[in-house]
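Down below is the structure, laid out as structure tokens.
For clarity, every value in this text was computed on a predicted model and none was experimentally measured.
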Amino acid sequence: MKHYVNGVFTTTGTAFPLISPLDGSQRGTVPEATREIVDAAVRAARAALEGPWGAASVEERCAYLRRIADGIEARFDEFVAAEVADTGKPRDLAATVDIPRAIANFRAYADLSYGRPERAYHTRVPGWSGSGEALNYTVRRPLGVVAVISPWNLPLLLLTWKVAPALAAGNAVVAKPSEETPSTATLLAEVIDGVRLPPGAFNLVHGHGANAAGEFLTGHPGVDAIAFTGESATGSAIMRAAADHVTPLSFELGGKNPAVVFADADLDEAVEGTVRSSFTHSGQICLCTERVYVERPVFAAFTAKLAERARELKDYGPMISAGHRDKVLSYYRLAVEEGADVLAGGGVPAFGDARDGGFYVEPTVITGLPQDARTVREEVFGPICHVAPFDEEAEAIRLANDSPYGLAATVWTGDLSRAHRVAPKIEAGIVWVNCWNLRDLRTPFGGVKASGIGREGGEYSLDFFSEPVNICVKI
């Protein structure tokens with residue numbers, strides 16, 4: 001792995017090990033960016049804005065984005081292999097979601113930026129000399145140097161989700177991927193270098209967060225905006241660092257997402273949907289379901305089917321690290337201490353091969369806890385869901401909203417009127433009805449309460465990464 005600063009790949013004198021979550025072996029080393037490296041990256045980004053990149057037209061920027069997409073596509077298998085090696089997720093998931101979405105991010109924002117309309121207003125002001133008229137029109141300019149901090153669960157997808165609109169809007173980027181998953185970010189830097197993006201327009205630094213590259217970057221006075229995806233506690237720390245410079249922020253943070261299953265839902269469809277929403281990528285997706293509320297007439301049948309499906313799961317990946325595995329297992333133990341009934345999972349699987357050295361935990365279904373139990377309220381970020389019954393529609397809404405988080409929710413019902421009635425009452429940034437994680441890149445994405453600030457996606461991302469400027473011309 002290497003840093004990429006001002007169009008040059010570099011390393012520093014210190015490095016830390018890169019550990020495979022699949023078997024616990026060391027795959028290589030990653031350079032730790034010093035404060036000086038981060039400062040050089042920010043200065044390179046500023047220089048790019050004052051040079052060729054800052055002078056590039058929308059058409060030129062969009063052409064670069066399309067060439068980056070083509071470059072990822074040309075090295076598709078390398079990106080998939082790197083994503084699997086870093087995260088341990090099943091290859092099919094990386095090949096059908098992560099890498100295709102990264103390619104789509106660059107193409108989508110190229111299309112959106114190129115065709116973006118500008119607004120103008122013809123203003124009449126009685127009493128002015130001359131015509132008494134003016135023309136007001138609005139242009140958008142880039143924010144400047146943008147720090148992009150991306151997490152380990154969807155490394156390339158979430159990195160490009162921010163880098164693509166930031167570049168499309170004309171910003172220069174300094175990106176820091178998670179220290180756990182640096183490989184696809186490094187490949188992206190190679191692709192960007194290959195398309196000859198002006199030096200400094202995109203920079204990549206590796207390293208840890210607190211008292212390291214992440215903190216050096218988010219607290220840097222030369223950074224004009226911060227886009228971050230990660231846990232809420234880290235978001236709070238970044239907010240404190242950004243406050244000194246009143247730096248604009250876009251945060252997508254944690255979640256303790258509910259699913260609400262009504263008795264009129266297609267039960268098998270709801271079970272399969274909940275299997276996906278709770279256990280995809282072993283629960284290591286911010287959108288995953290950890291709380292399931294089921295209408296009492298179907299509670300027993302639903303819970304039995306869900307537990308059976310969880311026990312049948314075989315093709316699932318590990319936790320990202322030993323530390324995260326231990327955190328998830330601590331919640332498994334806590335659930336039992338709090339009085340949970342464990343219907344499936346709750347421990348560590350035994351494979352009898354190299355995977356036993358990896359960081360796996362079992363897909364787990366629990367029930368029987370009160371609403372105020374820590375396991376019900378705190379984000380686990382692993383393959384676990386708690387299932388509880390409800391009796392009335394209003395109760396289901398109240399239970400779903402009884403959380404410090406508000407990122408995503410799922411409603412399962414056969415009653416379309418109920419779907420339209422319930423979904424807007426759930427305190428979440430996105431609510432799926434009879435589906436999960438069905439995404440349109442043009443729609444707003446983000447959370448409420450402790451789940452984030454602002455929205456990303458489509459025009460919403462382009463709005464964040466640019467500033468409107470009104471120009472008034474007297475006629």
Between Tyr460 and Trp161, does the ring centre distance come in under 6.0 Å?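 No.
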Tell me if the aromatic rings of Phe262 and Tyr293 count as close, with their centers under 6.0 Å from one another. no
Is [X] reaching over with its side chain to a backbone N or O of [Y], donor-acceptor style, under 3.5 angstrom?
{"X": "Ser278", "Y": "Val275", "result": "no"}
{"X": "Thr280", "Y": "Ser277", "result": "no"}
{"X": "Thr34", "Y": "Ile37", "result": "yes"}
{"X": "Arg377", "Y": "Asp402", "result": "yes"}
{"X": "Tyr332", "Y": "Glu362", "result": "yes"}
{"X": "His206", "Y": "Lys176", "result": "no"}
{"X": "Ser150", "Y": "Leu159", "result": "no"}
{"X": "His208", "Y": "Glu179", "result": "no"}
{"X": "Asn171", "Y": "Val173", "result": "no"}
{"X": "Asn257", "Y": "Ala408", "result": "yes"}

Looking at Arg35, I want to see if its CZ is surrounded by more than 12 non-hydrogen atoms of other residues, nucleotides or ligands under 6.0 Å. no
More than 12 heavy atoms from other groups under 6.0 Å of CZ on Arg439: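 Counting neighbours around CZ of Arg439, more than 12 heavy atoms of other residues, nucleotides or ligands fall under 6.0 Å, so yes.
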Could you pull out the closest heavy-atom pair between [X] and [Y], with the gap in Å?
{"X": "Leu441", "Y": "Tyr109", "result": "O-OH, 4.4 Å"}
{"X": "Pro363", "Y": "Tyr316", "result": "CD-CZ, 3.7 Å"}
{"X": "Ala44", "Y": "Asn203", "result": "CB-OD1, 3.8 Å"}
{"X": "Ala164", "Y": "Leu65", "result": "O-CD2, 3.5 Å"}
{"X": "Ser461", "Y": "Gly457", "result": "OG-N, 2.6 Å"}
{"X": "Leu143", "Y": "Asp224", "result": "O-CB, 3.4 Å"}

Any chance you could lay out the side chain to side chain donor-acceptor pair (under 3.5 Å) test for Ser250 and Glu456, step after step, and finish with the verdict? CA-CA 8 Å; Ser250 176; Glu456 297 181 352; 3.0 Å; yes
State the [atom1]-[atom2] distance between [X] and [Y], to the nearest 0.5 angstrom.
{"X": "Thr375", "Y": "Ile384", "atom1": "OG1", "atom2": "CD1", "value": "6.5 Å"}
{"X": "Trp436", "Y": "Thr410", "atom1": "CH2", "atom2": "OG1", "value": "8.0 Å"}
{"X": "Glu269", "Y": "Trp412", "atom1": "CD", "atom2": "CH2", "value": "5.5 Å"}
{"X": "Glu83", "Y": "Ile99", "atom1": "CD", "atom2": "CD1", "value": "4.5 Å"}
{"X": "Phe79", "Y": "Leu156", "atom1": "CZ", "atom2": "CG", "value": "6.0 Å"}
{"X": "Ile320", "Y": "Ile19", "atom1": "CD1", "atom2": "CD1", "value": "11.5 Å"}

For residues [X] and [Y], determine if any side-chain heavy atom of one lies less than 4.5 Å from a side-chain heavy atom of the other.
{"X": "Leu343", "Y": "Ile366", "result": "no"}
{"X": "Leu18", "Y": "Asp86", "result": "yes"}
{"X": "Phe299", "Y": "Thr367", "result": "yes"}
{"X": "Glu180", "Y": "His324", "result": "no"}
{"X": "Tyr4", "Y": "Val205", "result": "no"}
{"X": "Ser25", "Y": "Ser20", "result": "yes"}
{"X": "Arg240", "Y": "Ser236", "result": "yes"}
{"X": "Cys286", "Y": "Leu407", "result": "yes"}

Applying salt bridge (Lys or Arg N to Asp or Glu O under 4.0 Å), run through Glu190 and Arg75 and close with a yes or a no. CA-CA 11 Å; Glu190 292 177 5; Arg75 301 177 64 177; 2.8 Å; yes
Verdict with reasoning, Asp315 to Arg91, per salt bridge (Lys or Arg N to Asp or Glu O under 4.0 Å): CA-CA 10 Å; Asp315 185 22; Arg91 189 186 187 283; over 6 Å; no
Could you check Asp39 against His220 for side chain to side chain donor-acceptor pair (under 3.5 Å), going step by step and ending with a plain yes or no? CA-CA 8 Å; Asp39 184 63; His220 198 290; 2.7 Å; yes
Before giving the answer on side-chain contact (heavy atoms from CB on, under 4.5 Å), spell out for Thr186 and Ser183 the whole-Å C-alpha distance, their side-chain angles and the decisive distance to 0.1 Å. CA-CA 5 Å; Thr186 303; Ser183 300; 5.8 Å; no
For Glu312 and Arg309: C-alpha separation, side-chain torsions, deciding distance, then whether salt bridge (Lys or Arg N to Asp or Glu O under 4.0 Å) applies. CA-CA 5 Å; Glu312 291 172 349; Arg309 287 290 292 111; 3.2 Å; yes
With Phe251 via ring-ring contact (aromatic ring centres under 6.0 Å, His included) - residues at least two apart: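 With neighbours one apart ignored, the set is Phe228.
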Worked verdict on Phe390 versus Arg398 for side-chain contact (heavy atoms from CB on, under 4.5 Å): CA-CA 10 Å; Phe390 70 87; Arg398 178 181 60 78; over 6 Å; no
Tell me whether Glu427 is salt-bridged to Lys449, with the criterion being a basic N under 4.0 Å from an acidic carboxylate O. yes
Test Asn153 against Thr87 for side-chain contact (heavy atoms from CB on, under 4.5 Å), laying out the working first. CA-CA 7 Å; Asn153 59 331; Thr87 65; over 6 Å; no
Return each pair, listed once, that meets salt bridge (charged side-chain N to carboxylate O under 4.0 Å, His left out) where at least one residue sits in residues 286-304; pairs must be two or more places apart or across chains.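 Those involving residues 286-304 are Lys256-Glu290, Arg296-Asp391.
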Check the pair Lys162 / Thr229 against side-chain contact (heavy atoms from CB on, under 4.5 Å), numbers first and verdict last. CA-CA 10 Å; Lys162 302 177 190 300; Thr229 296; 2.9 Å; yes
Between Arg107 and Glu73, does the salt bridge (Lys or Arg N to Asp or Glu O under 4.0 Å) criterion hold? Intermediate values first, please. CA-CA 11 Å; Arg107 288 179 176 154; Glu73 197 165 52; 2.9 Å; yes
